[in-house]
> 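Got a structure here, written out as structure tokens. Questions coming.
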Amino acid sequence: MENPATGKDTEYEELWHAPEPRPTPAGPVRSLVLKLDRDGGRVRGLVVRLGQYCQGFLRRDQELAAERWEWTEAAGWRRMISIGDESALPCSLILGEDASYHEGASIKVGDDDWKAIEAIGF
């Protein structure tokens, strides 16, 4: 892969950490997957909440938005990273512990209707 500092192809080692999903105070481990696809694919995104994590990605033409949230007992839900228009993604809307979703549910964010394609534990 090209090293951005040198511009030369350089060997590297990928390291992966795969923690087990943990429940938040709401009870069992929850899983929610939201999908957005409109305007012939010009606007598309995916948001996944699994246990103590939630992350999302949205592409609108050439604009990108992404964010990642993590729940810890010490701090509750906290945004760990955000790129682009953070108001374009429904991550913060689905973190409530009293939230109730089902497959086929719709979450409106601006002009976008995000559809729940999976909902487990809600």
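Note that the structure is predicted; figures quoted are calculated from it, not measured. Values below: all heavy atoms of this structure, side chains included; hydrogens, waters and symmetry mates excluded.
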> Do you reckon Val33 sits in the same ILVMFWY cluster as Leu36, going by side-chain contacts under 4.5 Å, direct or chained?
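Looking at the clustering, Leu36 is in a separate group from Val33.
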> Which heavy-atom pair separates Ala88 from Val109 by the least distance, and what is that distance?
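Heavy atoms only, the tightest pair is O-CG1, 3.6 Å.
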> Once you round to the nearest 0.5 Å, how far does CG of Leu95 lie from CG of Leu93?
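Answer for the CG-CG pair, Leu95 versus Leu93, is 8.5 Å.
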> When hydrophobic residues are tied together by side-chain contacts of less than 4.5 Å, even through go-betweens, does Ile117 share a cluster with Val48?
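As far as the 4.5 Å side-chain criterion goes, Val48 and Ile117 are connected within one cluster.
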> With rounding to the nearest 0.5 Å, note down the distance linking NZ in Lys35 to CZ in Arg44.
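These two atoms lie 10.5 Å from each other.
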> Taking all heavy atoms of Ser92 and all of Trp69, pick out the closest pair and write down the distance.
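Minimum heavy-atom contact is CB-CZ2, 3.8 Å.
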> If two hydrophobic side chains count as joined below 4.5 Å and joins carry through other members, does Leu89 share a cluster with Val43?
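Yes.
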> What heavy-atom pair brings Phe57 and Ala66 nearest, and what distance separates the two atoms?
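Answer, listing the atom of Phe57 first, then Ala66: CD1-CB, 4.1 Å.
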> For Glu2, look at atom CD and say whether over 12 heavy atoms of other residues, nucleotides or ligands are found less than 6.0 Å away.
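For Glu2, atom CD is crowded (more than 12 foreign heavy atoms under 6.0 Å).
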> Please determine, by modelled atom types, if Tyr12 and Glu14 share a side-chain donor-acceptor pair under 3.5 angstrom.
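Their side chains do contain a donor-acceptor pair, which is all the 3.5 Å distance test asks for.
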> Do you know which two heavy atoms are closest between Pro23 and Pro28, and how far apart they sit?
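Heavy atoms only, the tightest pair is CB-C, 3.8 Å.
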> Answer yes if the side chains of Gln52 and Thr72 hold a donor-acceptor pair under 3.5 Å, and no otherwise.
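Thr72 and Gln52 do not have a side-chain donor-acceptor pair below 3.5 Å.
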> If you count heavy atoms of other groups shown closer than 6.0 angstrom to CD of Glu63, is the number above 12?
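No, the 6.0 Å shell around CD holds no more than 12 heavy atoms from other groups.
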> At what distance, to the nearest 0.5 angstrom, does SG of Cys91 lie from CH2 of Trp114?
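So the SG of Cys91 and the CH2 of Trp114 are separated by 7.5 Å.
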> Identify the heavy atoms of Thr24 and Gly51 that sit nearest to each other, and give their distance.
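Closest approach of Thr24 to Gly51, heavy atoms only: CG2-O, 3.9 Å.
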> Just verifying a value: how many Å separate Lys115 NZ and Asp37 CG, rounded to the nearest 0.5 Å?
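It is 12.0 Å, given to the nearest 0.5 Å.
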> Is there a path of hydrophobic side-chain contacts, each under 4.5 Å between heavy atoms, that joins Phe122 and Val47?
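Same cluster.
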> Supply the atom-to-atom distance Lys108 NZ to Asp113 CG, rounded to the nearest 0.5 angstrom.
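Those atoms lie 4.5 Å apart.
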> If you count heavy atoms of other groups shown closer than 6.0 angstrom to CG of Asp61, is the number above 12?
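It does: Asp61 CG has more than 12 such atoms within range.
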> With the threshold set at 4.0 Å, does a side-chain nitrogen-carboxylate oxygen contact exist between Asp112 and Arg60?
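Answer for the salt bridge query: yes.
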> May I ask you to decide whether Glu70 forms a salt bridge with Arg79, counting only side-chain N to carboxylate O separations under 4.0 Å?
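Salt bridge between Glu70 and Arg79, a charged N being under 4.0 Å from a carboxylate O: no.
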> How long is the span from the CZ atom in Arg68 to the OH atom in Tyr53, to the nearest 0.5 Å?
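Reported value, rounded in 0.5 Å steps: 6.0 Å.
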